Amino acid sequence: MLTHQKTLPFFATFLFAVFAASAQSALSPIMPAPPAPQFSDAERQSELVARRRAIAAAMKDKSILLLFSAEPKTYTGDVDYPYRQENNFYYLTAIKKAGAFLVLTKSGESIREAIFLPDRDPAEEIWTGKMYSREDAQRLSGIKTVISSTEITGLLDSIRSGSRFRSADSSFELPAGLENLYLLLPQKAFSEDAREYRQEAVFAASVKSLKVETVAPIFAELRQIKSDYEVRLLQHAIDITTEAIMRSMAVARNAKWEYEVQAETEFTFRRRNSDFWGYPSIVGCGPNATILHYEEAQGPVRNRDLLLMDVGAEYEHYSADVTRTFPVSGKFTREQAEIYQIVFDAQEAVARAAKPGVKFDQLTAIAGKVIADGLLRLGLITEKSPDQVSIWFPHGLGHWLGMNVHDVGRYGRPLAPGMVFTDEPGIYVRPDALDYLPDTPASRAFKEKVRPAVEKYKNIGVRIEDDLLVTQTGVVWLTSKLPRSIQDIEKFMTSLPPQLVH
């Protein structure tokens, strides 16, 4: 062991390093995400019971709802992606196990519910860890009836044929006279959800005894209004994302490549125990910031450029979605600031107008008007027509946010308390944007007039995205802790310590 004389200088050096790190951390404007929200079993079960009751209330009489858990997805060969439960299944059960089924029946005043769950298998547990026991499923979901999934074949056969089903222990049986079957079905044959709900579509085609309907609209209507329970989970995902972006802004000053900045973001996600990202991170610098869904993160980070980060942590199936655009140098150039301020003003105008009763297309029009005025002022358009504005602002205002980053819900539905949406206008001056316009006399005249402005602002891409919760009187900015204005971003960048202390 070390002698006392040798230990003391080492210990003093260690203490000095700890104090220096603590002091530097105290001076840093980067604050860690708060602790995750904690819920008791009773609180979680109460939330899930309320959701299942709401689903049952919206179902027709003499009906059955059958939900399949998500299928594992192959990465390559015999390796799967990390398992993620289907959102609606998790929304009603809090169970993350593959091979499970939820059954809910409605017959008059009688509502019955059961979970079919794979039996624990010691041989499998050696490889993948402890499986859910019956007690685990009951504790998580609040559903008392848990049946071995070895009986699911008999249930499915009974649904197909309209015959009677009773579980082996007589704890669950299908009521007589069922007429309707609710499944999660793809909305269209080639829609984005066709792959996720493949097994449901195959089963639906085999059912002859019941009228098959999709339950997706019912879930969409319910999930569009977030409970306080859900808002707390979503806020935590946003807080993790806020910390990740702040740390990435600090790293960007000394980064050489976009992937270094992305690595800091996703490292923070894992440090704060998020499930994963809610969508692949977008980190683009300079001209790459003008690409809407740029995901390569292979470009250089240059001091004179803007860096755009569109990232979101996922926590307990709730996804943040936040974008910040900032100067790597810490100071906006005049041209960058001019573009940025237009986007900022559009975002502010939307937030001021958002309140219960307003529709999403009204907010989109408000953002479009502010951006059109700004583009005309800068000479990037010659008239405030949608065709010209869309050259530089080619996407919509935003989307619903929740368990999906582009969450379910009707856009024609007026805003109501509990809805969460993204406010994300943007301007992207792609240097080759004019090259793809049609070769017509009007187009040539347009290009000649705006080319000097395009040359002046080329390679500047700005998107600002915040997550807004609708209240009784307006909105709450769930992303309020993250610097957003030109002044606040520059102040934040210049106040960062030379070395980021984790």
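Not measured: the values here are computed from a predicted model.
- Contact check for Arg272 versus Pro32: side-chain heavy atoms found under the 4.5 Å cut-off.
- For the side chain to side chain contact (heavy atoms under 4.5 Å, CB included) test, residues two or more places apart in sequence or in another chain that qualify with Asn288 are Glu258, Ile291, Tyr294.
- When each of Ser248, Ser281, Cys285 is checked for a side-chain contact (heavy atoms from CB on, under 4.5 Å) with Met309, only Ser248 meets the rule.
- Ion pairing between Arg51 and Glu47 holds under the 4.0 Å rule for side-chain N and carboxylate O.
- Results of the side-chain contact (heavy atoms from CB on, under 4.5 Å) test with Val283 over Val261, Asp310, Leu308 single out Val261 as the only residue that passes.
- A salt bridge links Glu243 with Arg247: at least one charged nitrogen is closer than 4.0 Å to a carboxylate oxygen.
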Practice prompt. Please test His395 against Tyr428 for side chain to side chain contact (heavy atoms under 4.5 Å, CB included), starting from the C-alpha separation and ending with a verdict.
Written response: CA-CA 10 Å; His395 57 79; Tyr428 317 87; 2.6 Å; yes
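- Considering every non-hydrogen atom in both Ala313 and Ile240, the closest pair reads CB-CG2, 3.8 Å.
- Remark: Ile225 engages Arg413, Ala416, Met419 in a side chain to side chain contact (heavy atoms under 4.5 Å, CB included) (not counting sequence neighbours).
- For Phe39 and Tyr229, the gap between ring centers is short of 6.0 Å.
- The two residues Val322 and Tyr279 come nearest to each other via the heavy atoms N-OH, 3.8 Å.
- Taking CG of Asp228 as the start and CD of Glu43 as the end, the distance is 11.5 Å to the nearest 0.5 Å.
- Defined by atom type and a distance below 3.5 Å, a donor-acceptor pair is missing between the side-chain atoms of Asp407 and His399.
- Checked for salt-bridge contact, Lys73 and Glu86 miss the test: no charged N lies under 4.0 Å from a carboxylate O.
- Contacts of Arg198 classified as side chain to side chain donor-acceptor pair (under 3.5 Å), with partners at least two apart in sequence or in another chain: Glu71.
- Contact annotation: the side chain of Phe492 never approaches that of Phe326 to less than 4.5 Å [non-hydrogen atoms, C-beta and beyond].
- We find the OG1-CG distance between Thr422 and Asp467 to be 7.0 Å, quoted to the nearest 0.5 Å.
- Residues passing the side chain to side chain contact (heavy atoms under 4.5 Å, CB included) test with Ser480, sequence neighbours excluded: Trp477.
- With sequence neighbours excluded, the residues that form a side chain to side chain donor-acceptor pair (under 3.5 Å) with Glu465 are Thr323.
- Side-chain contact check for Leu233 versus Tyr315: some heavy-atom pair is nearer than 4.5 Å.
- Checked for salt-bridge contact, Arg271 and Glu264 miss the test: no charged N lies under 4.0 Å from a carboxylate O.
- Residues Thr290 and Val429 form no side-chain contact, since every pair of their non-hydrogen atoms from C-beta on lies 4.5 Å or further apart.
- A search for salt bridge (Lys or Arg N to Asp or Glu O under 4.0 Å) contacts involving Arg84 returns Glu314, not counting sequence neighbours.
- Side chain of Tyr411 to main chain of Trp400: a donor-acceptor pair is present (N/O by atom type, distance under 3.5 Å, no hydrogens or angles).
- Between Leu67 and Phe101, the closest side-chain pair of non-hydrogen atoms is not below 4.5 Å.
- Note: Asp136 CG to Ser141 OG = 10.5 Å, rounded to the nearest 0.5 Å.
- Partners of Glu424 by salt bridge (Lys or Arg N to Asp or Glu O under 4.0 Å), not counting sequence neighbours, listed by chain and number: Arg463.
- Applying the salt bridge (charged side-chain N to carboxylate O under 4.0 Å, His left out) rule to pairs touching residues 488-497 yields Lys331-Glu490, sequence neighbours excluded.
- Ring centers of Phe332 and Tyr340: under 6.0 Å apart, within the cut-off.
- Shown here are the salt bridge (Lys or Arg N to Asp or Glu O under 4.0 Å) partners of Arg410, two or more places apart in sequence or in another chain: Glu221.
- Taking 4.0 Å as the cut-off between side-chain N and carboxylate O, Glu260 and Lys256 do not count as a salt-bridged pair.
- Looking at residues two or more places apart in sequence or on another chain, you find no side chain to side chain contact (heavy atoms under 4.5 Å, CB included) involving Ser46.
- Residues passing the salt bridge (Lys or Arg N to Asp or Glu O under 4.0 Å) test with Asp239, sequence neighbours excluded: Lys481.
- One side chain, Asn88 or Arg223, offers a donor N or O that lies under 3.5 Å from an acceptor on the other.
- A heavy-atom distance below 4.5 Å is not found between the side chains of Thr325 and Val343.
- Taking the charged nitrogens against the carboxylate oxygens, Asp466 and Arg324 do have a contact shorter than 4.0 Å, which makes a salt bridge.
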Report all side-chain donor-acceptor pairs from residues 349-369 shorter than 3.5 Å, counting only partners two or more places apart or in another chain.
residue	atom	partner	partner atom	Å
Gln362	OE1	Lys359	N	2.8
Thr364	OG1	Phe360	O	3.1
Lys369	NZ	Asp373	OD2	3.1

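- Here the side chain of Arg44 pairs a donor or acceptor atom with the backbone of Arg139 at under 3.5 angstrom.
- Of all the heavy atoms in Gly461 and Leu306, the pair that sits closest is O-CD1, 4.1 Å.
- Here the side chains of Leu482 and Met246 are in contact, with some heavy-atom distance below 4.5 Å.
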